Amino acid sequence: QVQLVESGGGLVQAGGSLRLSCAASGRTFSRYNMGWFRQAPGKEREFVAASWSRGSTYYADSVKGRFTISRDNAKNTVYLQMNSLKPEDTAVYYCAADAQIARLATNPDYWGQGTQVTVSS
């Protein structure tokens with residue numbers, strides 16, 4: 001069982017930056033593939049970024065070059081650094097975890113409660 005708690009959301013002007021954090025419970029954090037997803041009002045939840053347990057990362061085209069996912073296995077935490085934010089980045093951001101890479105992208109086992117990010121123009 002893994003519990004995920006996000007933090008770091010808020011209101012920021014376009015062009016600004018925010019860093020989201022996701023703290024995970026459990027002693028096997030390093031074995032999990034971690035991801036960030038987001039859901040804007042009236043839209044389906046979409047993939048944003050992933051950090052595989054073996055170290056590589058993957059990004060949605062819409063955030064590539066602006067967002068960076070990283071993890072600190074000693075702190076059981078995954079981060080999402082968001083730079084050059086745009087109004088279209090406004091959404092609830094969710095942290096997710098799964099032991100299997102394929103499942104993380106489609107239907108992760110574990111989800112956080114979400115944190116709101118609002119980017120004003």
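Fair warning: this is a prediction, and the values are worked out from it, not measured in the lab.
- No more than 12 heavy atoms of other residues, nucleotides or ligands lie within 6.0 Å of CZ in R31, so this atom counts as exposed by the packing criterion.
- Under a hydrophobic-cluster definition in which Ile, Leu, Val, Met, Phe, Trp and Tyr are linked whenever side-chain heavy atoms come within less than 4.5 Å, directly or via other members, L4 and L104 are assigned to different clusters.
- Applying the side-chain contact (heavy atoms from CB on, under 4.5 Å) test to S30 and every residue at least two apart in sequence or in another chain returns N73.
- Residue pairs satisfying the disulfide (SG to SG under 2.5 Å) criterion with at least one member in residues 23-53, sequence neighbours excluded, are absent.
- Applying the ring pair (Phe, Tyr, Trp, His ring centres under 6.0 Å) test to residues at least two apart or on different chains, the pairs with a partner in residues 50-76 are F47-Y58.
- Using a 4.5 Å cut-off between side-chain heavy atoms of Ile, Leu, Val, Met, Phe, Trp and Tyr, with links allowed through other members, L18 and F37 fall into different hydrophobic clusters.
- By the criterion of side-chain heavy atoms lying less than 4.5 angstrom apart, applied directly or through intervening Ile, Leu, Val, Met, Phe, Trp or Tyr residues, W36 is grouped together with Y110 in one hydrophobic cluster.
- In this structure, Y79 shares a hydrophobic cluster with no other residue, the cluster being traced through Ile, Leu, Val, Met, Phe, Trp and Tyr side chains under 4.5 angstrom apart.
- Judged by distance alone, the side chain of S51 and the main-chain N or O of S70 form no donor-acceptor pair under 3.5 Å.
- For residues 18-121, the pairs satisfying disulfide (SG to SG under 2.5 Å) are C22-C95, with sequence neighbours left out.
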_Derivation of the side chain to side chain contact (heavy atoms under 4.5 Å, CB included) call for M82 and L20_ = CA-CA 8 Å; M82 305 185 294; L20 306 182; 3.7 Å; yes

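- If you chain together hydrophobic residues whose side chains sit under 4.5 Å apart, Y93 and M34 fall into the same group.
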_Working for side chain to side chain contact (heavy atoms under 4.5 Å, CB included), residues I69 and T57_ = CA-CA 7 Å; I69 188 171; T57 57; 3.7 Å; yes

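- Both V119 and V63 are part of a single hydrophobic cluster, where members link through side-chain heavy atoms under 4.5 Å apart.
- Legend: residues meeting side-chain contact (heavy atoms from CB on, under 4.5 Å) with S120, ordered by chain and number and at least two apart, are L11, Q13.
- A side-chain donor-acceptor contact under 3.5 Å links N83 and S17.
- The CG atom of D109 sits 8.0 Å away from the CD atom of Q100 when rounded to the nearest 0.5 Å.
- Listed here is the closest heavy atom pair of S21 and T77: CB-CG2, 4.3 Å.
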*Would you sort out whether R45 and R38 count as a side chain to side chain contact (heavy atoms under 4.5 Å, CB included), showing the intermediate values?*
CA-CA 5 Å; R45 187 152 51 187; R38 66 187 181 186; over 6 Å; no

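- Under the 4.0 Å criterion applied to side-chain N and carboxylate O atoms, K86 and D89 are not assigned as salt-bridge partners.
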_Test side chain to side chain contact (heavy atoms under 4.5 Å, CB included) on V48 and L80; report intermediate values, then the result._
CA-CA 10 Å; V48 175; L80 185 69; 4.2 Å; yes

